[in-house]
Amino acid sequence: VQLVESGGGLVQAGDSLSLSCAASGRVFESYAVGWFRQAPGKEREFVSSISRSGSDTYFADSVKGRFTISRDNAKNMVYLQMNALKTEDTAIYFCAAGILPVKTARQYSFWGQGTQVTVSS
């Protein structure tokens, strides 16, 4: 599975941004997908994940209530809608595919190249 993120950019605090993760391959629906982010000088951290069917979603406490995740298996796409953005959301955002929608990065086998999100005050 190859993953390509898009939708990053520069926004102001309080704004919204929608990230997309496009996947190649006919077995995309066999994988759970997670979003992770990495800020300069910090470790990669879990943001959100979604099960293979899309019926189960998970969020980090820091984004709960502000971010939503969804997927369209017919289009091989996963989306991360980010609302009420904060400066601390600034990071490179990565999507990843794995067997289960867990919070541990090493459990994901496939990764995209990342997209930069910058939130200014």
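- Here the side chain of S18 pairs no donor or acceptor atom with the backbone of Q81 at under 3.5 angstrom.
- Going from atom CD1 of I69 over to atom CE of M82 covers 11.5 Å, rounded to the nearest 0.5 Å.
- By the 6.0 Å contact criterion, CD on Q116 is enclosed, its count of non-hydrogen atoms from other residues, nucleotides or ligands being greater than 12.
- Under the rule for a ring pair (Phe, Tyr, Trp, His ring centres under 6.0 Å), the partners of Y31 that lie at least two apart in sequence or sit in another chain are F110.
- Of all the heavy atoms in A23 and F28, the pair that sits closest is CB-CD1, 3.2 Å.
- Within the model, atoms OG of S49 and CD of Q107 stand 12.0 Å from one another, a figure rounded to the nearest 0.5 Å.
- No side-chain donor-acceptor contact under 3.5 Å links D89 to the backbone of S62.
- Exactly one residue among V117, I92, V63 makes a side-chain contact (heavy atoms from CB on, under 4.5 Å) with R37. That residue is V63.
- In this structure, E88 places its CD atom where more than 12 heavy-atom neighbours from other residues, nucleotides or ligands lie under 6.0 Å away.
- Using a 30° and 60° split on the angle between ring planes, F36 and Y108 fall in the perpendicular class, above 60°.
- At distances below 3.5 Å, at least one donor-acceptor pair connects side-chain atoms of R66 with backbone N or O atoms of A84.
- Without hydrogens or angle criteria, T87 side chain to S121 main chain gives no donor-acceptor distance under 3.5 Å.
- Looking only at distances, a side-chain donor or acceptor of E5 sits under 3.5 Å from a matching main-chain atom of C95.
- In plain terms, the two heavy atoms of S55 and S51 that are nearest each other are N-OG, 3.3 Å.
- Here the shortest heavy-atom pairing between T90 and V119 reads OG1-N, 2.9 Å.
- The closest donor-acceptor contact from the side chain of E29 to the backbone of R52 lies at 3.5 Å or more, if one exists at all.
- Residue K103 holds its NZ atom at 10.0 Å from OG of S48, rounded to the nearest 0.5 Å.
- Residues L3 and Y79 do not share a hydrophobic cluster, defined by chaining ILVMFWY side chains whose heavy atoms lie under 4.5 Å apart.
- Note that the CG atom of L80 and the OH atom of Y93 stand 7.5 Å from one another [nearest 0.5 Å].
- Considering CG of L17 and CG of N83, their distance stands at 9.5 Å, rounded to 0.5 Å.
- Criterion: ILVMFWY side-chain heavy atoms under 4.5 Å apart, direct or through other members. Under it, L19 and L10 are not part of a common hydrophobic cluster.
- In this structure the side chain of R44 reaches within 4.5 angstrom of the side chain of W111, judged on heavy atoms.
- Separation of atoms CZ (F46) and CZ (F59) is listed at 8.0 Å; rounding is to 0.5 Å.
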